[in-house]
Amino acid sequence: MGTPPLRLELAQQAVARVEDQLREGCVPKGWGSGRSAVEAAGILAVEQGWVKSMAGFRGRLDTAKELYSLEPDWSLYRPRQYHHRLPGAPTIPSQDHITEDLPDGDPIRAAIIGDAHDSPHLPDKSRFRWLGAYIEEHGFDRAISVGDWWTMDSFSTHTDRATFEGRAKPTFDQDRDSFHESQRAFQIGLAGHKPKLDITLGNHEVRACRWDNIHPEATSHGLAVQEAFAQWGWRTSPYGEYRFFGGVGVTHIPFNALGKPLAASQRPNKAMFDTIHGDDHRATQMTDFKSGPVRSPTIYSAGTALPPGFIEGFANKGGSTWRTGICEATMWGGHVRKWSFEEMILLKRRYGRSGEGEPRTVKGWEAA
């Protein structure tokens, strides 16, 4: 018997090569679109040296069918599919571009004093001693007032002196004497501790400047206010201006483009940096969304430093959101890194003396 033109082993290999391509998604013979499984198998066979040409591969397929009735199983065809990434941990993009490095310098830790509204109508100066004692006990190297330490009713334009209520307004000298009493009480509380003192003057202190403006022939009461603060070691900043500590802006109240106080809802939206302010007598912090890999500024309100539970008459008993106490801020690298608020009632409990709360002057405490 003569040697067959194609061994059975080679015929089977030729068919198997086509079936491999069918499983890979190449189309069966006669399909109108897509890469042919026969063509793909033939090209690979030539590249691997299994046959010398495409024609030689097709010849082996034809011979396999004629001699051995072998042909590819066209049902093995599987359409190509998109291969999804295998399940596993999600790919997390690098966060290196927003990693925060340690800022330059050292953190600045300060006690923040809200609107104290000292007035001759509030002769008990105990709260100022409590504030000083708190600052001394906690070792603050800096104390910052956000302004309105004085109420300065002597220059209030809301009450005409021609009225009965207006006749009860104090004189400037009485306002100033009351201020000095509050400072003496504050120093008694500090007990020799000497923190750096800064104040951003508020709208109540600026009443003196406005009065001077319409009475240019009179003594400069605005200058007298600054001199009074300087006597007790306070460095003053004009009303509406910012003083920066560790990149954090401190002012009495942020202004809009017209030089008027910004509405509370607008403050975080318009801010370009973390801000600490007073004026609204609330102990709040607010921020607003900013687009991009940035940290949106936060706005901190320092509340008040009024006696516990006291509401100024101009609020018409609508001060339900007022909070009185003292704040602690750690400022570093343009942001407030720590913020806390301790209510005045806690200071009274810790530092108050028996019988405090009755109207008494600082001189009375000095004699006690």
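Predicted model, so just to flag it, every value in this text is computed and none were measured.
- Applying the side chain to side chain contact (heavy atoms under 4.5 Å, CB included) rule to K260 yields the partners N256, L258; only residues at least two apart in sequence or on another chain are considered.
- Residue pairs that meet the salt bridge (Lys or Arg N to Asp or Glu O under 4.0 Å) test with at least one member in residues 103-122, sequence neighbours left out, are R109-E328, D118-K125.
- Using a 4.5 Å heavy-atom threshold, the side chains of F229 and V225 count as touching.
- When all heavy atoms of L44 and Q21 are compared, the pair lying nearest together is CD2-NE2, 3.9 Å.
- For P308, the side chain to side chain contact (heavy atoms under 4.5 Å, CB included) partners are W130, M344, I345, K348, not counting sequence neighbours.
- Between W339 and C327, the shortest heavy-atom contact is CZ2-SG, 3.6 Å.
- Residues I113 and I144 have side chains not in contact (no heavy-atom distance under 4.5 Å, counting atoms from C-beta outward).
- By the side chain to side chain contact (heavy atoms under 4.5 Å, CB included) test, A11 pairs with L6, A64, Y68, L70, sequence neighbours left out.
- T330 is linked by a side-chain hydrogen bond (donor to acceptor under 3.5 Å, both in side chains) to nothing, counting only residues two or more places apart in sequence or in another chain.
- A salt bridge is absent between D153 and K169; no separation between the charged side-chain nitrogens and carboxylate oxygens falls under 4.0 Å.
- Scanning for salt bridge (charged side-chain N to carboxylate O under 4.0 Å, His left out) contacts around R295 gives an empty result, with sequence neighbours left out.
- Residue pairs meeting the salt bridge (Lys or Arg N to Asp or Glu O under 4.0 Å) criterion with at least one member in residues 264-281, sequence neighbours excluded, are R267-D280.
- Judged purely by distance below 3.5 Å, without hydrogens or angles, the side chains of T287 and S296 pair a donor atom with an acceptor atom.
- Listed by chain and number, the residues in a side chain to side chain contact (heavy atoms under 4.5 Å, CB included) with I108 are R142, F245, M331 (sequence neighbours excluded).
- By the ring-ring contact (aromatic ring centres under 6.0 Å, His included) test, F57 is found to be paired with no residue, residues two or more places apart in sequence or in another chain being considered.
- Of all heavy-atom pairs between D148 and E205, the closest is N-OE1, 2.8 Å.
- Scanning for salt bridge (charged side-chain N to carboxylate O under 4.0 Å, His left out) contacts around D20 gives R23, with sequence neighbours left out.
- A cation-pi geometry, defined here as NZ or CZ lying under 6.0 Å from the six-membered ring centre and within 45° of its normal, holds between R17 and W50.
- Residues Y77 and C26 approach most closely at CD1-O, 3.1 Å, considering heavy atoms.
- Under the 6.0 Å cut-off for aromatic ring centres, H117 and H204 qualify, their centroids lying closer than that.
- To the nearest 0.5 Å, atom NE2 of residue H277 and atom OG of residue S301 are 4.5 Å apart.
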Would you check, one step at a time, whether the test ring pair (Phe, Tyr, Trp, His ring centres under 6.0 Å) holds for F155 with H221?
-> CA-CA 10 Å; F155 294 132; H221 296 87; 5.0 Å; yes

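- Among W149, W232, F179, the single residue meeting the ring-ring contact (aromatic ring centres under 6.0 Å, His included) criterion with F128 is W149.
- Residues passing the salt bridge (charged side-chain N to carboxylate O under 4.0 Å, His left out) test with R176, sequence neighbours excluded: D173.
- Scored by the salt bridge (charged side-chain N to carboxylate O under 4.0 Å, His left out) test, R337 finds E100 as partners (sequence neighbours excluded).
- Counting heavy atoms from C-beta outward, I112 and I326 have side chains that stay 4.5 Å or more apart.
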